[in-house]
Amino acid sequence: MKKRLFFICTLVLASIIVACTGNVSQNGSVRVLDIEKGIDDIGYVNLSKYASEINYIPLETSLDCMMSSDENVSIRKMGDMFYFYSPFGAPVFSFNKEGKFKGMIGVNGRAAHEFTRYIRSFAVNWERNELAICDMSGKLLIYDSNGTFTRSAQIGGEVQEMSDYKVFHATDDEYFFLRESRNNDIPDVGTDEKYAEQHLVTVNSKGEISNEKLWGHVSGITTPKANRSGVTTSLLKSSLLETDKKFTIISNTDTIYSYNPLSKDAVAEYVIDFGKYALGGSNPSMARFNQGDIFFDTEHFLVFSIMFPISYFKDEYPTNLRTVFVYDKQSGSIKALKLDGLYGHALVYNGFGTRANEKAKGFAGFTNDLDGGIPFVPRYIKDGKMYQIMDAIRFMDLAEKGNSKRMKEVAAKLNEESNPVLIEVTLKK
């Protein structure tokens, strides 16, 4: 009965969103992702269930292409070229499929051909063999595949409106993104006021908008602070993500939509049932799904992360805020991934919630039974392959602990000054 009521309520919420966004529909097969069930069934999922091969690509190291830590690096791929960027002032670095450095794309500055302060988002246009960078000020800069600047345009408004832009290629010369337009200041503690609108926008490289419509709102919720000063306000918003040319919108109502940038249609595919972990339960600081670090929707499975309060999972996740779940599409089963006893976190970051002298937080991953190496957490999927990037120092340390012959061979050629290693996993068809 509980599941049935939840599902009915979710469909009602979806119908409310239809009134706001226009082309939103149900496809008749909306599936429920049961978070409580996944936590109860916490365990391991072998990488070989979905993948057939793993490869390690050390990225060339030189003074021209020193990269920041893996927690900040984003990955894009076009043809046989990889592109990496960090949102803290560095340009885009390009490497070939063997990991050889090919050049830098973009220059920090204020001229028409330069990005302002730092890059917020980056997209590859495989139809035109072009690269698009969106900077802090909402400027879109276009480069050819060799990194030569061709044109730029202003696609957004004020800086605060652009702060969370993730730009994606739609078709031909068009790009799309979610834009926030603030109505007022962030709401005070204790309010659920809608303080900003989110619009789905389609624009070309000249800055001309071909489509714009209201998607939803950004709302404030009350959450306890980690210190003794009481409570604070967190924000709930929708997020736009991509899995190998499939686009997903995670709404702040915990409904997940597939989005077609050509027809501008959004179709509800999944709903999230947090069960006892839902917002507004016995603890006002419950789990949050939107703005997740990981969400990939492949042919055979979903893999996604959920953010939990620090107090959760003290036995299984003593230093973890975010937990990775795997949903198998064929069986309908869902499982929270358990930390590996030997390797610990497969991907470590030093972000929200880390205090001085506290171990870094991170993610559990797929158990790597392909070669006995480290657990794998996908950070990017393209052309039927999943990718994760890892700092050289941590890669060397974990290679020594494990049984992967290939990892040990790669680690033997690294040192503390080396660039990260790109881990490539081939998905089964």
Side-chain angles (χ1 to χ4, degrees), residues 42-61 67-73 75 82 84 95 97-99 293-294 296 298 301 303 305 313 315-326 335-350 354 358-381 384-428:
I42 187 170
Y44 302 105
V45 175
N46 286 336
L47 190 56
S48 63
K49 183 175 183 179
Y50 303 111
S52 59
E53 184 180 354
I54 189 167
N55 186 31
Y56 306 94
I57 307 170
L59 301 179
E60 180 184 348
T61 304
M67 295 172 60
S68 62
S69 61
D70 53 21
E71 66 183 274
N72 298 320
V73 175
I75 309 168
F82 292 99
F84 305 89
F95 294 78
K97 62 181 180 180
E98 286 79 32
D293 297 81
I294 298 171
F296 296 107
T298 74
F301 66 94
V303 57
S305 64
F313 310 125
D315 294 330
E316 298 293 343
Y317 292 84
T319 63
N320 192 37
L321 277 173
R322 292 170 170 87
T323 303
V324 174
F325 292 77
V326 176
K335 184 182 291 289
L337 297 185
K338 188 181 179 72
L339 288 180
D340 185 278
L342 174 63
Y343 296 105
H345 297 102
L347 181 65
V348 179
Y349 65 95
N350 293 296
T354 302
E358 185 180 75
K359 291 183 178 180
K361 297 167 172 57
F363 299 88
F366 288 100
T367 299
N368 181 4
D369 60 331
L370 293 177
D371 70 347
I374 56 178
F376 179 82
V377 180
R379 300 295 291 183
Y380 180 65
I381 299 181
K385 294 185 178 182
M386 304 190 292
Y387 296 94
Q388 177 183 348
I389 192 167
M390 181 171 288
D391 284 343
I393 294 176
R394 191 151 50 87
F395 186 90
M396 291 186 291
D397 177 60
L398 296 177
E400 184 178 350
K401 293 180 180 179
N403 299 315
S404 169
K405 180 180 178 181
R406 176 57 180 155
M407 276 193 71
K408 293 181 185 295
E409 291 173 350
V410 171
K413 300 177 182 178
L414 303 175
N415 58 54
E416 294 183 355
E417 303 299 324
S418 296
N419 261 336
V421 175
L422 184 65
I423 305 172
E424 180 183 71
V425 170
T426 303
L427 288 167
K428 292 180 178 179

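Numbers here are sequence positions counted from 1. This structure is a prediction, so every number in the text was calculated from the model and none was measured.
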Got a sec, which residues hit salt bridge (Lys or Arg N to Asp or Glu O under 4.0 Å) with Lys428, two or more places apart in sequence or on another chain?
-> none
Heavy-atom closest pair, residues Tyr343 and Asn403 = OH-N, 3.9 Å
Is any side-chain heavy atom of Glu424 closer than 4.5 Å to a side-chain heavy atom of Ile54?
-> no
Evaluate the side-chain proximity of Asn419 to Pro58: yes if any heavy-atom separation is below 4.5 Å, no if none is.
-> no
side-chain hydrogen bond (donor to acceptor under 3.5 Å, both in side chains) with Thr426: which residues, sequence neighbours excluded?
-> none
Val73 versus Met67: any side-chain heavy-atom pair under 4.5 Å?
-> yes
Can you establish whether the number of heavy atoms outside Glu417 located under 6.0 Å from its atom CD is more than 12?
-> no
What residues, two or more places apart in sequence or in another chain, satisfy salt bridge (Lys or Arg N to Asp or Glu O under 4.0 Å) together with Glu409?
-> Arg406
Using the test side-chain hydrogen bond (donor to acceptor under 3.5 Å, both in side chains), find all partners of Tyr380 that sit at least two apart in sequence or belong to another chain.
-> none
Are more than 12 heavy atoms from other residues, nucleotides or ligands located less than 6.0 Å from atom NZ of Lys97?
-> no
Mind checking whether Ile423 and Met386 have side chains closer than 4.5 Å, heavy atoms only?
-> no
Please report the shortest heavy-atom distance between Gly402 and Leu342, naming the atom on each side.
-> CA-CD2, 4.5 Å
Residue pairs meeting ring-ring contact (aromatic ring centres under 6.0 Å, His included), one or both in residues 395-421, sequence neighbours left out, come to Tyr56-Phe395
Do Val421 and Leu59 come within less than 4.5 Å of each other through their side chains, counting heavy atoms only?
-> no
Min side-chain heavy-atom separation Pro420-Phe84 under 4.5 Å = no
What residues form a side-chain hydrogen bond (donor to acceptor under 3.5 Å, both in side chains) with Tyr50, not counting sequence neighbours?
-> Asp328
